[in-house]
Amino acid sequence: LNQQVAEPEVAIKLNEDYCSRCSICRSLCPFEAITKDAESGKIVLEIEKCQVCGICYSACPAKAIDTIYYDCGSLAKYLERVKPQYKSDSLVIMCKGSAPDFAVVERLFGVSKFIPLSVPCVGRISEELLLRALAMGIKKIYLLACDEDYCRFDRGSPLAGRRVLALNHLLEQLGYGREVITLKQNSLKVKVDRDLCISCGNCAFYCPYGAASLDSPGGAKFDLDACRGCGLCVAVCPAVALDLDNWERERISTLISQLLAEMKPPKILVFRCQWAVFSPLDGESNPHIRTIELPCSARVDAFHILEAFQRGADGVLIVACPEEDCRQEGASAKAQHWMEALQKRLNQIGFQDRLRFCFVARRYPEQFDKELQQFRQGIEAVVSKRRRK
Amino acid sequence: MIVTVQKPLDEILDSISPHSKILIAGCDGCTQPPRGLREAKVLSQLLELAGKLSNKEFQFKVTTLVKQCDSFLTASALKPQMDGMEAVLSLACGAGVQTVAELFPDIPVLPAQNSHFIGAEDREGGIMEDRCAACGDCLLALTGGICPVTRCSKGLLNGACGGANNGKCEMDPERDCAWELIFKRLERQGKLDRIKELRPPRNYQAKAWRLTP
């Protein structure tokens with residue numbers, strides 16, 4: 001009878017004691033996760049509907065909303081710590097959803113040296129953080145948001161635009177000069193090499209957005225305005241004719257070698273949808289675990305998983321958003337299906353229990369930790385069994 | 001398209017185990033699911049891993065061909081790549097495997113696939129079904145575009161047999177009765193009189209083994 005059901009830890013919370021019931025958060029939430037209780041007038045955050053974009057957090061004038069991911073205080077601390085390393089007074093804040101290669105950032109903003117900071121949605125970056133950055137001695141801030149119709153959280157990118165406009169106006173009045181903060185937009189799209197296309201139609205069938213079609217003759221054709229850069233087509237192209245901006249196959253391969261070389265056995269490589277869990281600001285310290293973030297779990301490629309095993313990974317964990325959270329129209333469920341097929345083939349060669357696929361929701365940060373821990377225990381058992389042989 | 005299923009990896013491993021330098025050849029032709037460069041490379045990675053587990057070092061070279069069953073194209077694409085190769089593991093259908101085997105009679109050419117049928121794919125359902133027996137005597141004009149040779153369990157040319165139950169075949173309740181489908185299709189097109197036409201026994205001589213167009 002004394003059993004208590006522990007409330008799961010949540011990624012975002014509303015503290016009623018501080019809430020002034022102004023409803024700003026409610027009007028900004030893209031997912032209708034914040035409502036006003038008709039009787040009591042209280043503001044209520046429904047965590048099940050919340051996508052943890054952090055827009056409400058960044059806009060709350062009463063600081064009644066807390067988030068465990070990328071809150072203003074930790075971001076400011078992080079900036080203070082890393083600023084000396086970069087020897088630059090320019091800060092580039094990018095949304096993970098469209099953050100390109102640093103060379104492209106240089107070209108886009110015309111800066112050669114900068115402090116990079118990638119965050120899940122620039123819409124969660126409050127005025128406070130931008131002002132604190134300026135107070136730290138940063139002279140110029142560049143914000144790279146997703147194209148507005150590409151924004152994962154719908155309202156994050158437009159909100160960042162409005163904030164920058166208002167803040168620049170204010171900063172100019174304060175004598176900081178014009179355009180202290182520059183905002184640009186970007187999005188990452190598929191790249192097709194039609195010379196390699198074998199006209200199988202996989203991309204046209206699997207694309208969740210109808211961005212791919214097949215010409216006869218001519219092969220695959222993409223409507224880049226419709227492409228949302230999930231990379232699902234890249235993972236299913238049998239001719240290896242497709243690739244994805246900033247998530248190029250080669251780049252991921254290089255990363256796999258680098259990470260596995262710096263790890264200690266047993267080595268667990270995690271391929272994770274960058275939206276399933278927001279990666280810690282400070283990177284990873286556990287020498288047994290490294291993570292490669294992907295734009296969607298459906299970008300995970302059999303090539304890369306097998307490459308990881310070839311290079312000495314003891315286990316590979318694939319982390320996806322649950323189907324209801326997946327913004328790519330059920331792509332994570334497809335990824336699950338393909339991973340099961342690969343697991344079967346790995347079993348056939350005696351590589352049991354080395355590959356695991358799991359769904360985790362970022363609103364419950366403990367879910368990922370639990371999955372990882374469980375997987376790690378399994379891998380440790382497999383490895384010690386192998387050693388005994 | 002030719003529908004193939006990959007052989008179990010232990011069977012493939014068994015067949016390649018006497019060799020170490022092996023060319024894995026995909027086929028971009030009509031196999032479904034496509035067995036191009038991706039499948040060839042994934043297979044090489046899997047076999048390499050399997051080799052490591054049993055202390056066997058394979059050296060794979062991975063390539064893909066436009067159509068393995070075309071001896072001219074295959075010869076010109078493969079010949080420059082065959083230096084030092086001890087065996088070829090082919091991802092093509094049986095026709096492709098045999099073409100490569102004939103081009104290189106001195107080395108073993110091994111199949112990685114089991115070829116099942118000439119079929120059609122229902123992508124939504126993820127189902128592939130036998131649709132054409134390549135019988136050489138096409139009846140589809142008379143049967144509303146539904147082939148009784150492949151789709152009727154008994155291959156009847158003059159159905160239905162009478163054994164169907166709720167539109168399903170008496171031999172396999174999962175399977176639609178092809179003749180019931182044909183009846184409905186002809187009825188829909190107002191051509192039911194065709195069903196009364198007696199179709200003579202098939203001309204088995206039409207199933208050619210060689211053609212010289």
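Hydrogens, waters and symmetry mates play no part in the numbers below; they use all other heavy atoms, side chains included. Letters go in sequence order (proteins before strands), and every chain restarts at 1.
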- Query: What are the two closest heavy atoms between A:Ile198 and B:Pro34, and how far apart are they?
  - Reply: CD1-CB, 4.3 Å
- Closest heavy-atom pair and its distance - A:Ile349, B:Leu46: CD1-O, 3.4 Å
If you count heavy atoms of other groups shown closer than 6.0 angstrom to [atom1] of [X], is the number above 12?
X	atom1	value
A:Lys189	NZ	yes
A:Asp193	CG	yes
B:Glu102	CD	no
B:Asp122	CG	yes
B:Asp172	CG	yes
A:Glu262	CD	yes
B:Lys168	NZ	yes
A:Lys191	NZ	yes

- Measure the CZ-CG distance between A:Arg386 and B:Leu53 for me, rounded to the nearest 0.5 Å.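 A:Arg386 CZ to B:Leu53 CG: 8.5 Å, rounded to 0.5 Å.
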- Task: Heavy atoms only, distances under 4.5 angstrom: which of B:Glu39, B:Lys41, B:Glu48 has the most pairs with chain A? Name it, please.
- Result: B:Lys41
- Message: As an exercise: rank B:Asp28, B:Leu37, B:Leu49, B:Leu13 by heavy-atom pairs under 4.5 Å with chain A and give me the winner.
- Response: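 Winner by heavy-atom pair count: B:Leu49.
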- Note on the structure: One option among A:Glu307, A:Gln348, A:Lys344 has the most heavy-atom pairs under 4.5 Å with chain B, and it is A:Gln348
- If you tally heavy-atom pairs under 4.5 Å against chain B, which of A:Val236, A:Ile305, A:Asp301 wins?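 That would be A:Asp301.
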- Contacting region of B:Gln6 [heavy-atom separation from chain A under 4.5 Å]: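 Interface part for B:Gln6: side chain.
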- Donor-acceptor pair, side chain of B:Arg38 and main chain of A:Cys237, under 3.5 angstrom: yes
- Task: Look at the side chain of B:Gln45 and the backbone N and O of A:Phe303, then say whether any donor-acceptor pair between them is shorter than 3.5 Å.
- Result: yes
- Item | Which atoms of A:Phe205 approach chain B - backbone, side chain, both or neither, heavy atom under 4.5 Å |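 The side chain, not the backbone.
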